[in-house]
K.L.:
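Dumping the structure here so I can ask a few things about it.
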Amino acid sequence: MSVTVQSPAVQRPTASVPAVTVEHLSKVFVRYSLVRRRPLQTVHALHDVSFDVQRKEIFGILGVNGSGKSTLIRVLSTLLIPDAGTVRIFGLDLRADEAQIKRLINRVSVEASFFKKLSAMENLLYALRLYGRAGAGLRADIVEILERLGLDRSRVNQPLEQLSRGMQQKVAIARAFLTSPVLLLLDEPTTGLDPRSKRDVQEFILQLRNEHDATIILCTHDMAEAERLCDRIAVIDSGRLIAVDDADGLKRQATAIAGMPVDTLEEAFFHLTGRDLHEDEAPSGVD
Amino acid sequence: MAHSTQVRPFSRRRLRHEALASYAFVERNFFLVRRYWGWEIAFLIYNVTSSLSVMYIGKAQQMPGQDLILYLGIGTLVWSYLRSVFANISEMISWERWEGTIEYTMMAPVSRLTHMLGVSLFSVLYGIARTAVLLLTLAVFFDVSLANANLGGALVVILFGSLSFIGVGIMAAVLPLLFTERGEEMTFIISSVLLLVSGVYYPISVLPGWMQGLARVSPATYVLEGMRATVLDGRSTAELGQYLLPMGVIGLLTIPLGLAIFTAVERYAKRTGRLKRSG
């Protein structure tokens, strides 16, 4: 599958800086009582998290629900301001250069997040105009990318609410792709998809990296997906980064902890965090 | 070394991008109106019937020498327009929260000024279109004379009134940003209070003293008084200073202030994790 899409008027990064540098990142959520403003609940969603992501890398983040994966993605998406630490995206500071960073990133979240009554075409036109895309070929580009993602041409003008979740997620992938992000943030993009849709989306992620120089951060709790797609994987638990390595490296680290051979990523995750990845939620309760 | 994506604030490319983004909000809202056409017709019928009801009250109470029907007609038409502008702007955040698109809109590379400009532009165009349909429908039922009216002056009043209501709408839009669940209810209350105190169907002189104080800070009061001065009394545009000045001042104060407050509250929402979908 090959896709050629006109890029918006944004210069792509050329310098040899890491795509993402996160240093000592912390985020705490406090819920206050309505009247006396006393803290009712304090949740350390991210605690002193540091890592680098290199250009063109697919960097996985593995963790149970509530481990802090989505909080991390929301910080990188400029939707959350961290309490401490620094984040640099292609050398730009997340706080000081927010407007510039917004031109470089896009995100696909676990919910497709569209105007449900609008069609894929209408939703994508809106999204793309926000990113400066215009011109006669825009509608054709939208149809082309949706068809390549497996969405039939006849569905393009139907309200999103009439499409299956898998189809909606493909439209979400198209929305991110058509803005030509150099950093793509994927927050469980294949959760809840049927096997074929999941495969299509995974293929597309690989294509994005291989053919379009995109750097990708992928949150998932699908071990097979992480192992298949990710160059390196960060294991996160209760807001703390436990380990960062490739899949084999994580298994070696787990083998050292367990004192016996660890052959699968699932076992490695269990030995590194003390949790089963299929647990419903970590104690922090924030994701 | 950081890479170069810096775009000069007033470069042609940047201005084109911001203009396109503004248009994105206008086009998106037009798409939404088209898709929710059933509700649009239902609300329009409600608007027409409630306006007719009010004007028939005027007809029943008609007194010689005072065009009560036209007085009430101006009230209902102007309020319909202002309410539409206010609602479209103040509900922009709650609408996106409900649809689940708020995070994508807020992380898009668009300045908040552009965002507000697009939403405001649509709200004015939409308000004018709705009010025109309402006016034409009312004209079928009532034979009112506009021979004495200064229609050019009325247009100036609506222009100034729109600016002042855009500012108030932006300030009200902060509430759904601050209060994820209750914000929309609060904006509804603000709009109800404006209806009560602004002299939509009666002169504000009949209100208790404390309500008259509220009326004097409501931009709707000046829009309504200005419209009645031009349409009922045929006052010339040069004589409209007492209405245009307060509306201009309110617009000049509330638009930049609203933007500044919105930006500050957006930062607060990003610190506290409130910038997310609900529903």
Side-chain angles (χ1 to χ4, degrees), chain A residues 8-17 27 29-30 45 71 74-75 77-83 88-93 97-107 109 111-119 121-123 125-134 159 172 175 179 182 286, chain B residues 1-7 9 11-14 16-39 95-96 98-112 114-115 118 179 182 266-277:
Chain A
V10 172
Q11 286 178 276
R12 300 175 79 83
T14 52
S16 57
V17 291
K27 183 71 200 170
F29 292 108
V30 185
T71 300
R74 284 161 58 78
V75 168
S77 309
T78 74
L79 292 168
L80 268 179
I81 296 175
D83 297 324
R88 299 188 77 79
I89 293 178
F90 294 103
L92 298 165
D93 183 80
D97 307 310
E98 184 185 305
Q100 288 163 264
I101 286 173
K102 281 177 169 178
R103 294 190 190 97
L104 301 173
I105 61 173
N106 213 323
R107 167 177 176 235
S109 53
E111 313 94 2
S113 304
F114 286 109
F115 289 94
K116 294 171 268 299
K117 288 276 180 204
L118 298 190
S119 65
M121 175 63 77
E122 290 166 337
N123 270 292
L125 279 174
Y126 164 60
L128 299 191
R129 292 198 203 288
L130 293 184
Y131 283 79
R133 293 284 317 268
R175 170 173 60 189
T179 62
V182 281
V286 166
Chain B
M1 188 181 74
H3 70 88
S4 160
T5 54
Q6 192 102 36
V7 181
S11 69
R12 183 179 289 185
R13 198 176 90 189
R14 173 72 187 270
R16 181 184 172 277
H17 173 87
E18 297 295 333
L20 198 62
S22 257
Y23 173 68
F25 291 101
V26 176
E27 186 185 50
R28 177 202 72 183
N29 285 11
F30 169 73
F31 287 151
L32 284 168
V33 166
R34 201 171 58 179
R35 291 280 180 183
Y36 283 95
W37 63 270
W39 277 113
W95 184 263
E96 291 223 38
W98 180 71
E99 290 275 11
T101 54
I102 185 165
E103 293 184 344
Y104 287 87
T105 296
M106 298 308 246
M107 67 178 278
V110 174
S111 77
R112 217 42 72 210
T114 301
H115 184 174
F179 306 101
R182 301 271 174 241
E266 185 182 337
R267 273 201 302 275
Y268 172 76
K270 285 181 176 181
R271 276 203 311 274
T272 53
R274 288 164 193 248
L275 208 60
K276 59 184 180 188
R277 63 189 290 156

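None of the values given here were measured: they were computed from a predicted structure. All chains are named by letter (A, B, ...) in the order of the sequence lines, taking the proteins before the strands, and each is independently numbered beginning at 1.
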K.L.:
Roughly how far, to the nearest 0.5 Å, is CZ of Arg129(A) from CZ of Arg28(B)?
P.N.:
13.0 Å
K.L.:
Restricting to non-hydrogen atoms, name the atom on Met107(B) and the atom on Thr78(A) that form the minimum distance, rounded to 0.1 Å.
P.N.:
CB-OG1, 4.1 Å
K.L.:
Look only at the side chain of Lys117(A) and the backbone of Leu32(B), and say whether a donor-acceptor pair between them is shorter than 3.5 Å.
P.N.:
no
K.L.:
Minimum heavy-atom separation for Tyr126(A) to Ala24(B), with atom names?
P.N.:
CD1-O, 3.6 Å
K.L.:
Tell me which of these, Leu128(A), Asp83(A), Leu118(A), has more heavy-atom pairs under 4.5 Å with chain B than the rest.
P.N.:
Leu118(A)
K.L.:
Given heavy-atom pairs under 4.5 angstrom as the criterion, report whether the side chain, backbone, both or neither of Asn123(A) touches chain B.
P.N.:
neither
K.L.:
Can you say whether Glu27(B) sits under 4.5 Å from chain A via the side chain, the backbone, both, or neither, judging by heavy atoms?
P.N.:
side chain
K.L.:
Under 4.0 Å between a Lys/Arg side-chain N and an Asp/Glu carboxylate O for Glu98(A) and Arg267(B)?
P.N.:
no
K.L.:
Checking Lys270(B) side chain against Val75(A) main chain: does a donor-acceptor pair fall under 3.5 Å?
P.N.:
no
K.L.:
If you compare all heavy atoms of Gly273(B) against all heavy atoms of Phe29(A), which two are closest, and at what distance to 0.1 Å?
P.N.:
CA-CE2, 3.9 Å
K.L.:
Considering all heavy atoms of both residues, which atom of Ala108(B) and which atom of Lys102(A) are nearest to each other, and what is their separation?
P.N.:
O-CD, 3.5 Å
K.L.:
Can you tell me how far the CZ atom of Arg274(B) sits from the CG atom of Leu79(A), to the nearest 0.5 Å?
P.N.:
15.5 Å
K.L.:
Determine the option with the most heavy-atom pairs under 4.5 angstrom with chain A, choosing from Met106(B), Arg271(B), Glu103(B).
P.N.:
Glu103(B)
K.L.:
Evaluate Glu99(B) against Lys116(A) for salt bridge (Lys or Arg N to Asp or Glu O under 4.0 Å), listing each step before the verdict.
P.N.:
CA-CA 7 Å; Glu99(B) 290 275 11; Lys116(A) 294 171 268 299; 3.4 Å; yes
K.L.:
Report the distance from atom OG of Ser109(A) to atom OH of Tyr104(B), rounding to the nearest 0.5 Å.
P.N.:
3.0 Å
K.L.:
Return the minimal non-hydrogen interatomic distance between His17(B) and Leu130(A), and the atom names on each side.
P.N.:
CE1-O, 3.2 Å
K.L.:
Would you mind telling me which of Ala112(A), Pro82(A), Ala127(A), Ser119(A) has the largest number of heavy-atom pairs within less than 4.5 Å of chain B?
P.N.:
Ser119(A)
K.L.:
Go through Thr114(B), Thr101(B), Leu275(B), Thr105(B) and name the one with the most non-hydrogen pairs under 4.5 angstrom from chain A.
P.N.:
Thr101(B)
K.L.:
What is the minimum heavy-atom distance between Arg35(B) and Pro159(A), and which atoms define it?
P.N.:
NH1-CG, 3.5 Å
K.L.:
Can you establish whether the number of heavy atoms outside Tyr36(B) located under 6.0 Å from its atom OH is more than 12?
P.N.:
yes
K.L.:
With a sphere of 6.0 Å drawn around CZ of Arg112(B), does it hold more than 12 non-hydrogen atoms of other residues, nucleotides or ligands?
P.N.:
yes
K.L.:
For Phe114(A), is it the side chain, the backbone, both, or neither that has a heavy atom closer than 4.5 Å to a heavy atom of chain B?
P.N.:
backbone
